[in-house]
Amino acid sequence: MAVLRLSGILVALLSLFSTQAGASGTAAASDGHGSDGHGTTQEASDTHAEAPASGSGGLCRGFGPQTPRDISNFAGLNRASFAMAPSPAAMNLCNIHTHTNAEHKGPGFSIPAGGGKAGGFLCNETRDLSIEDQIDPLAGHGAFEGIHPGDTIEVHWVFTSCDIEPGQGLGSCVSASCTNPTLRVETQVFLVVNDRDALNFHDFAYAGNMVNGLHQPKSLPTGTGAPVVFRGSTTGPSYTEETCSPYQVTWSVRPECARLSYSSINSWAANGNVFHENHSHGVRELVTAPELLAPINF
């Protein structure tokens, strides 16, 4: 891919962060958020004026493969190719953020959240939760906004080839000397529950962890199936099948849900994190047009 101006890549990267009605603002070029305390209204306006690349009313044409997708469907007609990113252990973690409802559809998260593909998907176990699992011990006043016990969230650990420090917004994934990075997103869908015996979000956090000179999460989830790895794009509600993202991302999505302790993710927000994450974000509508999906080959 041709070398891009820093401002251009920032705009595209920031589209990975999405807005959630009532919880988050419009993507801002400085840090991936909008007028919700993380960025300015002017930045949000400028970002949305530049970011989308439109296809004039039908499917956008001439673009590389798009994301999110149904990871159970390996078919795709989009043959635009780019080098797959190396393993996350060979890259720097630059950001961690979450989306309320799964952006992707998979074997373990296939229940439409909004009556269709536009609202994301819920973990299949949602209907089997106990009353205790769904009790909110914080009565709606948790430090991490936009989630409640019983919700599904999709967590993105974003990795970059740039030599950077992890930080606030996806602008931390690039630098003045590294404007066109290789990007990888490791993905796990969680069912948030009021259960202290469920997985602890702190186990997957950053907390300054370094391995072989690279910034790394303390761990990535295991036991939820072999990740489905494919070529895709940035996500976020700014993009649709008519308005495509032009940027290239290697995705690695685990196919099954895992139970996550509600108190642990609130503790992560309450105690502060280098990403300044305090709320969950919205989703991009599922991409289903074969012309916009890459074939998945194993």
Side-chain angles (χ1 to χ4, degrees), residues 1-4 8-18 32 53 63-99 102-106 154-164 166 169-175 178-189 204 206 211-212 214-217 219-222 224-236 239 244-255 283-284 286-287 290 292-298:
M1 184 170 63
V3 176
L4 302 174
I9 192 70
L10 281 173
V11 166
L13 293 178
L14 297 173
S15 298
L16 273 169
F17 267 146
S18 54
F63 290 85
Q66 299 295 296
T67 314
R69 66 180 294 161
D70 181 349
I71 63 169
S72 299
N73 179 6
F74 293 177
L77 298 178
N78 193 301
R79 298 288 176 174
S81 185
F82 55 89
M84 299 290 276
S87 74
M91 305 179 77
N92 274 308
L93 177 74
C94 55
N95 189 261
I96 300 174
H97 64 272
T98 79
H99 298 263
E103 286 201 291
H104 292 83
K105 181 182 180 183
E154 181 171 311
V155 179
H156 293 166
W157 291 263
V158 188
F159 293 82
T160 179
S161 58
C162 293
D163 182 13
I164 49 75
L170 293 181
S172 61
C173 300
V174 300
S175 69
C178 182
T179 60
N180 188 32
T182 299
L183 296 171
R184 182 184 185 101
V185 180
E186 292 290 322
T187 303
Q188 174 65 56
V189 178
F204 310 114
Y206 166 57
V211 179
N212 296 324
L214 295 170
H215 301 282
Q216 294 283 298
S219 67
L220 288 170
T222 58
T224 50
V228 178
V229 180
F230 56 92
R231 291 177 175 89
S233 68
T234 54
T235 67
Y239 295 121
C244 282
S245 164
Y247 297 96
Q248 303 170 342
V249 179
T250 298
W251 286 85
S252 173
V253 183
R254 291 152 181 79
V283 301
R284 177 181 178 176
L286 195 73
V287 178
L292 300 180
L293 298 174
I296 299 177
N297 303 306
F298 286 92

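Any value given below was found using the heavy atoms of this structure, including those in side chains, with hydrogens, waters and symmetry copies removed. In this text the structure is predicted, and so the values were computed from the model without any measurement.
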Test Phe204 against Val155 for side-chain contact (heavy atoms from CB on, under 4.5 Å), laying out the working first.
CA-CA 10 Å; Phe204 310 114; Val155 179; over 6 Å; no
Verdict with supporting geometry, Thr67 and Glu103, side-chain contact (heavy atoms from CB on, under 4.5 Å)
CA-CA 9 Å; Thr67 314; Glu103 286 201 291; over 6 Å; no
Evaluate Cys173 against Cys94 for disulfide (SG to SG under 2.5 Å), listing each step before the verdict.
CA-CA 5 Å; Cys173 300; Cys94 55; 2.1 Å; yes
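Rounding to the nearest 0.5 Å gives a distance of 10.0 Å between CE of Met91 and CG of Leu214. For the atom pair CZ of Phe230 and CZ of Arg69, the computed distance is 6.0 Å after rounding to the nearest 0.5 Å.
Under the side chain to side chain contact (heavy atoms under 4.5 Å, CB included) rule, His99 has a single partner from Val283, Thr187, Val189, which is Val283.
Contact annotation: the side chain of Pro255 approaches that of Ile71 to within less than 4.5 Å [non-hydrogen atoms, C-beta and beyond]. Contact check for His156 versus Glu186: no side-chain heavy atoms found under the 4.5 Å cut-off. Inter-residue side-chain proximity for Pro217 and Phe159 is flagged as met; some heavy-atom pair is nearer than 4.5 Å. Proximity of Val249 to Thr234: side-chain heavy atoms (C-beta onward) are separated by under 4.5 Å at one or more points. With contacts defined as side-chain heavy-atom distances shorter than 4.5 Å, the pair Val158/His97 qualifies. For the pair Ser172/His215, no side-chain contact is recorded, criterion being any heavy-atom separation below 4.5 Å from C-beta on.
Other residues, nucleotides and ligands place more than 12 heavy atoms under 6.0 Å from the CG atom of Asn73.
A donor-acceptor pair is defined here as one N or O able to donate and one able to accept, closer than 3.5 Å; such a pair exists between the side chain of Asn78 and the backbone of Phe63.
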